[in-house]
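Here is the structure we will look at.
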Amino acid sequence: MDLKIEKVKESRIKEVDFSKLSFGRTFADHMFICEYKDGKWQNPTIKPYGALSLEPSASVFHYGQAVFEGMKAYKDDNGHVFLFRPQENYKRINKSCERLAMPAFPEEWFDKALRTLVDIDSEWIKPGFGNALYLRPFVIATTPGVQASPAKDYLFIIITAPVQSYYSGDVRVKIADYYSRAANGGFGFAKAAGNYAGQFYPTQQAAAEGYQQVMWTDDATHQYLEEAGTMNLWFRLGDTLVTCPTSERILDGVTRKSIIAVAEKLGIKTEIRPVKVTELIEAAENGTLKEAFGCGTAAVISPISAFGYKGKDYEINRPAELYTDKIKETILNIQYNRSEDPFGWRVQVK
Ligand code: COI
């Protein structure tokens, strides 16, 4: 890839208070942008972060051909920078593209673009657990015209944002009993913009009732738990850690699959199986539901303190020693280069 690099004249970093970041609202100096036209990806460029110019008829605005990824770059205490399992995000963005009839992006380009961009803006990454540079690769359809058919032109862009944690404390979630996030044969497994847009209205309603997220259930029966919008779900039932299986309706989270491996290494019994809403309620009532948490790149691991179902709230009475803490610490230690990486997940930038 012949990557063109145009740097900012002066960095904006001095204007940023890194102790008061609001997730995803401040962006680093540069972005990567690459065009798809005439059947191929071309003009890969790193340039100052800034506005795009698109025709109002660009198909992304009308038919929603838009997919994205969420990743992070971490800095250790010696200033070395790492990515976490970037290949998984590469594979997933192309899976998402395929489902939305969008062209795949070449792996070597993805890798070089990410590494170069992160390296150029590495001052924006602060060391310490929780601090990271959030990386947001995304693809949008830009062909002008309102025919409802796949576009011929696309942009692949990576923007980056210095962040701290997505949720600041425990979260309360509401179990969906009417709305659905995804359906069989749909594109719930894809990280497509539309999957998020469809959640906003039910999530707003849940927020008005005091919950931060909706815990989605299967669209056919609303009896089985699936995922929570920005996170996959985990429950500690007795001393077994349970997560729902992925499916064509559920996002196959990188943090989720990392937890499956970490839990096994820590000797925690894990089950991947369907979890019924009634099982969760019963476990909350009889005290066998000892922990629940959501996981994702942005959220990392967010403890769930309570859930609501059909107007009733169930608090989760957690023991002093939490699986949540052990797992989170193990994953953070790997991400921030504070421990061995027995899985080979860490990828040093440069
Ligand atoms: C992530 O965890 O990276 C996500 O993409 C969730 C996002 C909607 C904040």
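First listed ligand is number 1; within each ligand, the first listed atom is number 1.
- No cation-pi contact links R99 to F187, judged by a cut-off of 6.0 Å to the six-membered ring centre and 45° from its axis.
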Sub-3.5 Å pairs, protein N or O with ligand 1 N or O:
from     : atom 1 : to   : atom 2 : distance (Å)
ligand 1 : 2 (O)  : T297 : N      : 3.3
ligand 1 : 2 (O)  : A298 : N      : 2.8
ligand 1 : 3 (O)  : Y134 : OH     : 2.6
ligand 1 : 5 (O)  : Y134 : OH     : 3.3
ligand 1 : 5 (O)  : K191 : NZ     : 2.8

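- Note: W234 and F293 have parallel aromatic rings, judged against thresholds of 30 and 60 degrees for the angle between ring planes.
- Ring orientation note: the planes of F307 and Y314 are close to parallel, at an angle under 30° on the 30°/60° scale.
- For the atom pair CH2 (W124) and NE2 (H30), the distance works out to 10.0 Å, reported to the nearest 0.5 Å.
- Using modelled atom types, one finds no donor on one side chain facing an acceptor on the other under 3.5 Å when comparing N43 with T45.
- Aromatic ring centres of Y74 and Y336 lie closer together than 6.0 Å.
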